[in-house]
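This structure is a prediction, so every number in the text was calculated from the model and none was measured. Note that ligands are numbered from 1 as they come in the structure, with each ligand's atoms numbered from 1 the same way. Starting from 1, each residue takes its place in the sequence as its number.
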Amino acid sequence: MADLAKRFSHNPILKPADVKPSQDGLIVECVLNPGAFKYQGKTGLLMRIAENAPSTDTTISVPVLDESLPGAPGGMKILKIDRKDPDLVADDPRVISYKGVDLLTTVSHLRLAWSDDGEHFTVDHKPFMMGQGKYEAYGIEDCRTSQLGDEYHLTFTAVSSNGVAVGHAVTQDWQNVDRRGLILPPHNKDVAIFEEKVNGQYVALHRPSSPGIGGNYIWIASSPDTIHWGRHHCIAQSRPGKWDSNRVGAGCAPIRTDKGFLEIYHGADDKGRYCLGALLLDLNETWKVLARSEEPIMEPTAPEEKAGFYSQCIFTNGHTLDGDTVTVYYGAADTVICGARLSIRDILATLNL
Ligand code: MAN
């Protein structure tokens, strides 16, 4: 194992106690999986804030956003389900099934945090974006923030009883947001738009799921406008017997290097342990994979990565760049946000080129 990450000494950098709930009566369960970007000399994180109402020994609380309730843009409805109810299947801390309907145990919104040094962050008191409408009733999650010129292209997971889809929005000033609707229907997530056009087209990684035949694999597509995506290619399947045997998904926008586009992605094994690895893509024919990590470049080793809401998990969808250094911001055990620095040269050196 070659864990290449130099973790911040004061991890975790953001935790539930740092964040005010979006509504009275809710509790912030998890602060995780931030998009990361630079804006006006500051480092911004667009965090996923997962909230719930308190559960008890006998009942599980399940939150759902409801347009018909007061509060902007719709209040939170809390379902209380008896833990002994025979119609309840609750074997994953993140998702339950009740009367045959899948529900999330938390509802997430997106919140900003700002820093002058990239290590110490101040959290905004108000949500930046809440789930809205019928495709986001279970919340919005895991936002990538790709910068293209003056525009930041936000791509996030939109969850509802309709399925897990991909929402898109654009901001220039981190105040006004132009919501552009769903760009990919269920089941799809982990969309990272490249921060430059390739051969005149926008390019994005995405992760459809095809559980019957196939699996949770990374795909690539191109678009003339970031709305309409086509020319899909599957570029990375999960690999039986390896650290990424169960599922794989993109991190954020790949990093241009002279060897190719370097993508830091997550993989989970059959025990559901999430690690990070790298893919190297051809600079012109981006669907061609030049190399892929045999071993993780980062795996859960710190206490906050090994135990939490969803234990044994490192998940990233945001980083910033400074020369050879990539600062990876990541969700640890789906509970807190941590930071680590890796050398791009060191990552490339682990790939068989
Ligand atoms: C999976 C996990 C959860 C997430 C749901 C919906 O179960 O990634 O964290 O809430 O999918 O996207």
Non-hydrogen side-chain atoms of Tyr202 and Lys197 separated by less than 4.5 Å: yes
Starting from the N and O atoms of ligand 1, find every protein N or O within less than 3.5 Å and list the pair with its distance.
from, atom 1, to, atom 2, distance (Å)
ligand 1, 8 (O), Lys189, NZ, 3.3
ligand 1, 9 (O), Arg48, NH2, 3.3
ligand 1, 10 (O), Arg48, NH2, 3.1
ligand 1, 10 (O), Glu141, OE1, 3.1
ligand 1, 10 (O), Glu141, OE2, 2.8
ligand 1, 11 (O), Lys189, NZ, 3.0
ligand 1, 12 (O), Glu141, OE1, 2.9
ligand 1, 12 (O), Lys189, NZ, 3.0

Asn352 CG: over 12 foreign heavy atoms closer than 6.0 Å: no
Donor on one side chain, acceptor on other, Ser22 and Glu51, under 3.5 Å: yes
Side-chain H-bond candidate by donor/acceptor type, Asp244 with Tyr265, under 3.5 Å: yes
Arg94 to Tyr310, cation-pi by 6.0 Å centre distance and 45° axis angle: yes
Side chains of Ser223 and Arg231, donor plus acceptor under 3.5 Å: no
